[in-house]
Trainee: 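One structure is given below, represented as structure tokens, and several questions about it will come after.
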Amino acid sequence: MPVQAIPALTHDAALAWPGTLLAPDRTLVAPYDLERAGVEVVGHVPAAPALGLLHAAHRPFRLAYDGTPHVHVINGMGVALGDSVIGLAALAALRDRHPGLRFTLYRPARAPRHVEALYALARDVVAPSRPLPWPADALPANEPCVDLGNQVYWRDFARLPMIDFFFTALGVDPAAISTAEKRNRWLARLTLPTLPDAWRDRPYVLFCPSASTAVRSVPPALRAALVDRLAARYRMLIVGFGPLAHPAYVDVSGHAPDTAHFIAWIAGARMLFSADSAALHVADGFDVPTLACFTTIEPALRVRDYPHCVPLALDVPDTLRGMHASEHAADIAAVDAAYRAVDWDALAWPDQKNPSASA
């Protein structure tokens with residue numbers, strides 16, 4: 001692929017570029033990998049304009065998937081587990097619509113191990129992955145190549161429901177996709193491990209209060225009281241993936257050593273209580289009724305299409321709205337106050353899942 005004359009980015013601009021980078025050695029590089037490596041970024045240019053890649057953040061486009069046998073998605077679908085569940089759902093929906101369509105993903109090499117485990121599970125169900133960096137000249141000249149890199153810096157990522165963001169970034173009008181196609185049901189096609197014998201047919205509520213950042217998590221001081229409320233309402237044991245002092249709670253983290261087991265525990269739950277985390281996206285894939293607590297992110301941006309999810313938007317200060325991450329004491333105190341102000345008895349709690357319902 002010929003390279004246009006594109007000025008090199010500064011170090012800071014390269015790490016925040018909404019897309020993939022082209023290194024001086026003509027390899028495609030994820031800004032995330034460079035940031036994680038802690039190296040000085042010198043001589044890198046935006047890959048999409050340099051190589052003519054399809055890149056909706058740079059130039060919106062529509063791609064006709066009818067008759068397109070193979071699409072290469074570069075630096076997709078993020079480095080967080082929840083983002084990846086949704087991004088892979090978009091690919092799965094397009095494959096369902098267009099028999100014979102194939103995708104190949106090019107992934108950041110330094111993405112968290114538990115996230116890459118999801119892509120390994122999805123290899124034969126949705127798409128295989130290749131690690132970045134990747135030689136630009138090895139990309140096929142006669143097949144569409146879509147740049148989806150560094151999505152957290154895309155303007156649309158903060159203003160669109162995430163599934164609509166992914167369809168738009170893939171060159172598809174999200175309005176042309178049905179609500180049912182926007183769900184994470186592809187997860188139900190995965191081959192998952194079985195739960196331990198003692199839990200295989202035992203009813204439980206899954207309690208997942210932790211997100212990737214404190215500002216989107218349930219404050220630790222309030223978790224035991226919520227477990228008490230869950231136990232009284234659903235009259236079954238509450239399980240979770242970490243220690244918590246309560247007689248109705250069981251820490252099953254020792255039985256969830258990897259992403260596949262994490263998904264299996266969610267799939268087997270009668271009900272899920274979750275912070276704004278990957279667990280609620282996985283639950284949608286198995287029709288698990290969910291109460292999902294949102295602090296800084298508008299619920300419609302994440303769970304608009306989940307019919308079994310009851311979202312709870314906490315009343316936080318405007319200064320926190322739209323914030324993806326924070327560990328600052330003042331922000332955490334505001335979240336704590338918002339949780340304490342909730343009238344939990346007034347909520348429309350979801351019914352537990354019918355044990356005879358098929359996932």
Side-chain angles (χ1 to χ4, degrees), residues 81-82 84-86 88-89 92 112-126 180 183-211 218 223-224 226-275 277-293 303 306-310 349-359:
L81 188 60
S84 296
V85 166
I86 299 172
L88 288 166
R113 184 177 301 177
H114 71 280
V115 176
E116 288 312 290
L118 179 70
Y119 288 89
L121 290 169
R123 179 178 184 87
D124 296 326
V125 175
V126 181
R183 296 186 57 205
N184 303 320
R185 292 292 296 166
W186 72 271
L187 290 165
R189 306 175 196 170
L190 298 179
T191 300
L192 298 173
T194 57
L195 297 182
D197 290 344
W199 289 96
R200 201 163 299 166
D201 298 311
R202 191 174 187 179
Y204 60 87
V205 170
L206 185 60
F207 184 59
C208 292
S210 297
V218 178
R223 295 179 184 182
L226 286 170
V227 166
D228 194 62
R229 186 175 291 276
L230 287 167
R233 175 171 289 274
Y234 293 100
R235 299 189 180 278
M236 63 184 79
L237 282 176
I238 316 301
V239 307
F241 302 117
L244 195 154
H246 192 284
Y249 178 86
V250 179
D251 178 7
V252 296
S253 56
H255 298 293
D258 53 31
T259 300
H261 285 83
F262 171 74
I263 295 172
W265 277 101
I266 296 172
R270 298 284 180 88
M271 183 268 180
L272 169 70
F273 183 104
S274 180
S277 70
L280 65 91
H281 303 299
V282 174
D284 176 66
F286 299 95
D287 295 330
V288 176
T290 300
L291 182 71
C293 300
V303 300
Y306 299 174
H308 304 290
C309 181
V310 175
W349 290 78
D351 293 332
Q352 64 172 286
K353 185 177 181 180
N354 185 336
S356 65
S358 172

Trainee: Arg223 and Leu244: which non-hydrogen atoms are nearest, and at how many Å?
Mentor: CB-CD1, 3.6 Å

Trainee: Taking all heavy atoms of Ala224 and all of His246, pick out the closest pair and write down the distance.
Mentor: O-CD2, 3.6 Å

Trainee: Among Leu291, Leu206, Val282, which residue satisfies the side chain to side chain contact (heavy atoms under 4.5 Å, CB included) criterion with Leu272?
Mentor: Leu206

Trainee: Nearest heavy-atom pair of Pro289 and Arg270: which atoms, and what distance?
Mentor: CD-O, 3.6 Å

Trainee: Classify the angle between the aromatic ring planes of His281 and Tyr306 as parallel (below 30°), tilted (30 to 60°) or perpendicular (above 60°).
Mentor: perpendicular

Trainee: Do Arg189 and Trp186 form a cation-pi contact, if we require the NZ or CZ to be under 6.0 Å from the six-membered ring centre and within 45 degrees of the ring's axis?
Mentor: no

Trainee: Closest heavy-atom contact between Val115 and Ser84?
Mentor: CG1-OG, 3.6 Å

Trainee: Nearest heavy-atom pair of Lys353 and Phe286: which atoms, and what distance?
Mentor: NZ-O, 2.7 Å

Trainee: Considering only heavy atoms from C-beta outward, does the side chain of Met271 approach that of Arg233 to under 4.5 Å?
Mentor: no

Trainee: Measure up the Phe262 and Phe241 rings against each other and bin them: parallel (under 30°), tilted (30 to 60°), perpendicular (over 60°).
Mentor: tilted

Trainee: Parallel, tilted or perpendicular: which describes the rings of Phe273 and Phe207, with under 30° parallel and over 60° perpendicular?
Mentor: tilted

Trainee: With a 4.5 Å cut-off on side-chain heavy atoms, are Val303 and Asp284 touching?
Mentor: no

Trainee: If you define the side chain from C-beta out and look only at heavy atoms, does anything of Leu88 sit under 4.5 Å from Tyr119?
Mentor: yes

Trainee: Is the shortest heavy-atom distance from the side chain of Leu187 to the side chain of Leu118 under 4.5 Å?
Mentor: yes

Trainee: Using salt bridge (charged side-chain N to carboxylate O under 4.0 Å, His left out), reason through Arg113 and Asp258 one step at a time and then give a plain yes or no.
Mentor: CA-CA 9 Å; Arg113 184 177 301 177; Asp258 53 31; over 6 Å; no

Trainee: For the residue pair Val252 and Tyr204, establish whether any side-chain heavy-atom pair is separated by less than 4.5 Å.
Mentor: no

Trainee: So if I apply the side chain to side chain contact (heavy atoms under 4.5 Å, CB included) rule between Ile238 and each of Val227, Leu226, Asp228, which one comes out positive?
Mentor: Val227

Trainee: In the structure I gave you, are the side-chain heavy atoms of Asp287 and Arg185 within less than 4.5 Å of one another anywhere?
Mentor: yes

